[in-house]
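Here is how names work: the chains are called A, B, and so on, in the same order as the sequence lines, proteins then strands, and each is numbered from 1. Worth saying up front: this structure is predicted, and the values here are computed from it rather than measured. Heavy atoms only: backbone and side chains are in, while hydrogens, waters and symmetry mates are out.
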Amino acid sequence: MEYPFGAIERKWQQVWKEKKIFNAPQKSDKPKYYVLSMFPYPSGVLHIGHASNYSIGDAVTRLKLMEGYSVMQPMGYDSFGMPAENYAILHNSHPRLTTEENIAAMRIQFDGMGFGLDWEREVSTCRPDYYRWGQFIFKRLYEKGLVYRKKSYQNWCEECQTVLANEQVEDGHCWRCNSAVEQKDLEQWYFRITKYADELLDFSKVIDWPERVMTMQKNWIGKSAGAKIDFCMEGSGEKIPIFTTRPDTIYGVTFMALPPEHPLVQDWLAEEPNNKALHDFCRKVINEDKVQRSSAEAIKEGVFSGRYCINPFNGDRVQIWITNYVLMDYGTGAVMAVPAHDQRDFDFAKKYDIPIKIVIQKPDNSLILNEMLEAYTEPGIMANSDKFNGMDSEPAKAAITAWAKTNGWGEQTFTYRLRDWGISRQRYWGNPIPVIHCPQCGIVLVPDSDLPVKLPDNVQVGKTTGNPLLSVPEWLNVPCPQCGEPARRETDTMDTFVDSSWYYARYADPQNPDMPFDPELARHWLPVDQYIGGIEHAVMHLMYARFFHKFMRDLGWVNSDEPFARLLTQGMVTKDGAKMSKSKGNTVDPQYIIDRFGADTLRVFLLFASPPEKDVEWSDDGMMGAFRFLNRVWRLIDTHKELIIQGMNSSDSDAGISEAISELRFEAHHAIYRWLEDALQRMQYNTAIASSMELLNAIIKLKEPEKLNAAELKVYAFACAALPKMLYPFAPHLAEELWQTLGYDKLLHESGLPVYEPRYLIHNSITYVVQINGKIRGKLEVAADTDSETLKTMALAVENVQRSLEGFSVKKIIVVPGKMVSIVAGR
RNA sequence: GCGAAAGUGGCGGAAUUGGCAGACGCGCUGGACUUAGGAUCCAGUGAGGUUAAACUCGUAGGGGUUCGAGUCCCCUCUUUCGCACCA
């Protein structure tokens, strides 16, 4: 017979709701613990990934409550974004309506899973009372010089009709719709995240983050040390600053490489309107899409500009080439090319017959110019480099940089791969940028008192090309806040990653009508103690949020350096070895599982299948295993409840306890010990659940508990009563039901962690393994306090040991206390 | 190409510091029971070997350190992930 999971789950969800036990108090005597799982996009349906993800957060929440913390586990919705807009276009509806419907539907499913969420703190990024404060923060960023506007070539997704940040382009394709990204010259808003590059590289203030995520962010920021050196144009003397990580190769420069976008090149194009070759090449390269142009396989091409610059170190005349392999937005946008020691420059020089000059020799002096098939990029001995000849190339880097500094040619510098964050999106369903363009005053920020700039409802989504906001004249046309003359609103909306960069802080004070949040409340709750989410956010969301946090700290709004002290990147749920997706037809509907087997079964299966950070392969059989386990627990306690209650009221006594009960006592205390270790210390819920299964098996092994004496019954009751507590973080409904069945008044979250007694973890006899040369040859059952001399004698006396030692002599005996006797034997 | 992580039964996975490899679950085999259920209970289950033992082999492959290695070191292979003209 199946246990009545449906009634039990409904009952306890109701009790938790009525008693508001998951509504975190703003003030508490207890220490705070802030558990946060990344908020979902409100698709309207809970999928198995949500169930898995949030089961982890809920386990943390309930464990920390049992441990005595004042726990906050809020939830909300990342509700702006293109899916809602696209859905509305398709179904001829409005994103606001569909989004709110979806939120309502998801809320029901979250509650059906029994998650202990503080719904009084719910935020939804598409609501004016939230996005108002995003606009407010935008203005503060602007005032601090961290927002600017720039015209440049942008990643453009034709499918989504919007630009994308560099982080949102994956392999040349849109991270969302996977269509090819093009280049478009547009004027866009940027956040100056690069100002925080060095601080973002520093992870010393986080408590526990996966190494992998930190490495990914470090690689993304890509700091490299080098030198900035000024070359000068022959004739005009105009400076061309270059950045190089190889100042040691400066005497080997044989040409200069510039991209078509370089300002000097733009000047030359204007000066030489009839230079067809130059114009054609530049136009071709600029229009080429970024994927092709920046792929490693792209063929290097260029044209000679007919101009020269001077290498300050040796006065060499250096040809200036315009090429397709130099990027305008990295370093200074100009490269000193050293074909002998850089593969790209080598390829280019070979193709266009540009001289090659060796300035780093191999230690064995074997590098010969005419025999080189590729660039020599390793360190070596300086050659053809004037006063630096003979030096090792590594120390020469600093020496050469210092020499440049002395002569005023350049200095040491750092360059980053990280670019500023382009936040403009040409879409309707996002947070409007609070700016007005005035023909007289230029860019004017909307006054704080006029915030929020509300999204107009009466747009014709999808009916126009371009940004739908352009089609609402009464919204678009406003008087300038400064001069009162007619002006126009900015129609770009913010990247939704802006909305999710500070939501964790809003939860601390979600209804504040006067500011994003009260700094005092933020200081109480932040940082998030445990953050949980997918690895796909390793770079984007997690880096943006760190940037915002550091900015908010600089404003004095928060007093921590990092938003998320501990980070857990949970695995995904797969089926048939692949990520679940509708197109593959390998999805599992969590609602069906909940209806048929209960939310507790689903939760236990998902947590038991593997450790939280690893993927879970869905298995119907495995899920049935979880269901059977919960049924066995329920049956055990429901069948023996009177007996257990009777046992709990018996008095404790060591006397008159059978061997089997003594063993059960050990098993129970040992299981609790392991459970605490795994669940609390290591967040390894699969083995924590395994301990509770072991305890259940140990209890069930004992038949006819009604025949136990009072002292034995006490032990039996202790073991049984430990089960609900051990199950609470994973199967909370069943746990509460059983706890109540056993006559307890308090709910489990206020009943404390299960407790073991160290004295019951010690057996009075210990099994020693006897090894000969590393192979097990026997076992010894001895009293725990047996000394090692006795152990040696006993080990040698074991029959099988004696047989194995025939023809050998004992060289040495090692005793590992409590574990083994290791005999070293030889002929 | 560069960087990182991982590789354990038929499967998911355990093994806290080098100390009985395979906990727990699934699956499978045999049995009991039956209100035939997506039951329940009992026993078994790494491979070889044996009536049963003994014993041998076994944590991707090869070498090493050690009384003792899944765990530490070196090499190779495979897989996954990230980055990839970044000067």
So, for F608(A) and Y685(A), is the gap between ring centers shorter than 6.0 Å?
-> no
R546(A) NZ/CZ over F203(A) ring centroid, <6.0 Å and within 45° of normal | yes
Reckon R417(A) touches a base, only the sugar-phosphate, or nothing at all at heavy-atom distances under 4.0 Å?
-> base
If you measure only the distance, is there a donor-acceptor pair under 3.5 Å linking the side chains of N800(A) and R803(A)?
-> yes
What does E694(A) touch in the nucleic acid at a heavy-atom separation under 4.0 angstrom: a base, only the sugar-phosphate, or nothing?
-> sugar-phosphate
Are the ring centres of W618(A) and F605(A) closer than 6.0 Å?
-> yes
Is there a donor on the side chain of K779(A) or the base of rC20(B) sitting less than 3.5 Å from an acceptor on the other?
-> yes
List RNA chain B stems (3 or more consecutive Watson-Crick/G-U pairs, under 3.5 Å)?
-> B:1-7 with B:77-83, B:10-12 with B:24-26, B:27-32 with B:40-45, B:46-48 with B:55-57, B:60-64 with B:72-76
So what does D621(A) touch, heavy atoms closer than 4.0 Å: a base, only the sugar-phosphate, or nothing?
-> sugar-phosphate
Proximity to the side chain of T687(A) - top-ranked nucleotide from rA14(B), rA87(B), rC85(B) | rA14(B)
Under 4.0 Å between any heavy atoms, over every strand shown, what does E677(A) touch: base, sugar-phosphate, or nothing? Just pick one.
-> base
Given the P atoms of rC73(B) and rG18(B), what is the spacing between them in whole Å?
-> 11 Å
Side chain of Q684(A) - closest among rU40(B), rG19(B), rA14(B) = rA14(B)
Can you figure out which of rC83(B), rC85(B), rC41(B) approaches the side chain of R635(A) most closely?
-> rC41(B)
Taking atom P in both rA15(B) and rU8(B), compute the distance separating them and give it to the nearest angstrom.
-> 15 Å
Is the count of non-hydrogen atoms from other residues, nucleotides or ligands lying under 6.0 Å from K351(A) atom NZ greater than 12?
-> yes
When the ring planes of H341(A) and Y376(A) are compared, do they come out parallel, tilted or perpendicular, using 30° and 60° as the limits?
-> perpendicular
Does Y592(A) get its side chain close enough to the base of rG38(B), under 3.5 Å, for a donor-acceptor pair?
-> yes
Distance, rounded to the nearest Å, where K701(A) contributes NZ and rA43(B) contributes P | 9 Å
With rounding to whole Å, what would you report as the distance between rU79(B) and rA60(B) at their C1' atoms?
-> 10 Å
Which part of the nucleic acid does N697(A) contact within heavy-atom distance under 4.0 Å: base, sugar-phosphate only, or nothing?
-> sugar-phosphate
What does Y673(A) touch in the nucleic acid at a heavy-atom separation under 4.0 angstrom: a base, only the sugar-phosphate, or nothing?
-> base
Any donor-acceptor pair under 3.5 Å between the side chain of K300(A) and the base of rC85(B)?
-> yes
Taking for each residue the nucleotide of RNA chain B with the nearest heavy atom, is it N686(A) or K775(A) whose nucleotide lies nearer the 5' end?
-> N686(A)
Rounding to a whole Å, what distance do you find between F597(A):CZ and rA39(B):C1'?
-> 12 Å
Closest-nucleotide 5' rank along RNA chain B - winner of D678(A) and V824(A) = D678(A)
M214(A) has an atom CE; how far is it from atom C1' of rG3(B), in whole Å?
-> 15 Å
Using the purine O4'-C1'-N9-C4 or pyrimidine O4'-C1'-N1-C2 torsion, is rG64(B) syn (within 90° of 0) or anti?
-> anti
Rounded C1' spacing from rC42(B) to rC33(B) in Å | 11 Å
Quick one: which of rG68(B), rU40(B), rG13(B) gets closest to the side chain of S610(A)?
-> rG13(B)
To the nearest angstrom, the CZ-P distance between F346(A) and rA87(B) comes to 20 Å
Mind checking whether Y251(A) and F313(A) have parallel, tilted or perpendicular rings, split at 30° and 60°?
-> perpendicular
What does F627(A) touch in the nucleic acid at a heavy-atom separation under 4.0 angstrom: a base, only the sugar-phosphate, or nothing?
-> nothing
Mind checking S822(A) for me? I need base, sugar-phosphate or nothing, with any heavy atom below 4.0 Å counting as a touch.
-> base
For M693(A) and rG13(B), what is the distance between atoms CE and P respectively, to the nearest whole Å?
-> 15 Å
Would you indicate what G222(A) reaches in the nucleic acid, counting non-hydrogen atoms under 4.0 angstrom: base, sugar-phosphate, or nothing?
-> nothing
From the options rC20(B), rA87(B), rC26(B), select the nucleotide whose nearest atom is closest to the side chain of R628(A).
-> rC26(B)
Taking only the side-chain heavy atoms of I700(A) (C-beta and beyond), determine which of rC42(B), rC24(B), rC83(B) contains the nearest atom.
-> rC42(B)
Are side-chain heavy atoms of Q570(A) and E613(A) found at a separation under 4.5 Å?
-> no
Rounded to whole Å, the CZ-P distance (F5(A) to rG38(B)) equals 13 Å
Counting N and O atoms only, with roles assigned by atom type, does the side chain of N686(A) sit under 3.5 Å from a partner on the main chain of S610(A), one being a donor and the other an acceptor?
-> no
Looking across every strand, which nucleic acid part, if any, lies under 4.0 Å from M820(A) by heavy atom: base, sugar-phosphate, or nothing?
-> base
Classify the side chain of R596(A) versus the base of rG38(B) as yes if they form a donor-acceptor pair under 3.5 Å and no if they do not.
-> yes
Using a heavy-atom cut-off of under 4.0 Å over every strand shown, decide if T245(A) touches base, sugar-phosphate, or nothing.
-> sugar-phosphate
Under 4.0 Å between any heavy atoms, over every strand shown, what does V338(A) touch: base, sugar-phosphate, or nothing? Just pick one.
-> nothing
Distance between P atoms of rU71(B) and rG82(B) (Å, rounded) = 29 Å
Please report the C-alpha distance between S224(A) and Y330(A) in whole Å, then the side-chain angles of each, then the deciding distance to 0.1 Å, and finally whether the side-chain hydrogen bond (donor to acceptor under 3.5 Å, both in side chains) criterion is met.
-> CA-CA 11 Å; S224(A) 53; Y330(A) 182 78; 3.0 Å; yes
Do the rings of F627(A) and F597(A) sit parallel, tilted or perpendicular, given the 30° and 60° boundaries?
-> perpendicular
Can you tell me, in whole Å, how much space there is between the C1' of rG44(B) and that of rG22(B)?
-> 16 Å
What is the distance, rounded to the nearest whole Å, between atom CG of L695(A) and atom C1' of rG25(B)?
-> 16 Å
What's the NZ-P distance between K811(A) and rG68(B), to the nearest Å?
-> 13 Å
Mind listing the N/O atom pairs, protein and nucleotides 51-55 of chain B, below 3.5 Å?
{"unit_1": "rA54(B)", "atom_1": "O2'", "unit_2": "R803(A)", "atom_2": "NH1", "d": "3.2"}
{"unit_1": "rC55(B)", "atom_1": "OP1", "unit_2": "N800(A)", "atom_2": "ND2", "d": "3.2"}

Across the strands shown, which category fits T415(A) at heavy-atom distances under 4.0 angstrom: base, sugar-phosphate, nothing?
-> nothing
Can you tell me how far C1' in rA23(B) sits from the matching atom in rG30(B), rounded to whole Å?
-> 24 Å
Side-chain H-bond candidate by donor/acceptor type, E781(A) with T767(A), under 3.5 Å = yes
Could you tell me whether K228(A) contacts a base, only the sugar-phosphate backbone, or nothing, with contacts defined as non-hydrogen atoms closer than 4.0 Å?
-> nothing
Indicate the ring-plane relationship of Y352(A) and F348(A), choosing parallel, tilted or perpendicular according to the 30° and 60° boundaries.
-> tilted
Applying side-chain hydrogen bond (donor to acceptor under 3.5 Å, both in side chains), run through T574(A) and E617(A) and close with a yes or a no.
-> CA-CA 5 Å; T574(A) 61; E617(A) 168 72 11; 2.6 Å; yes
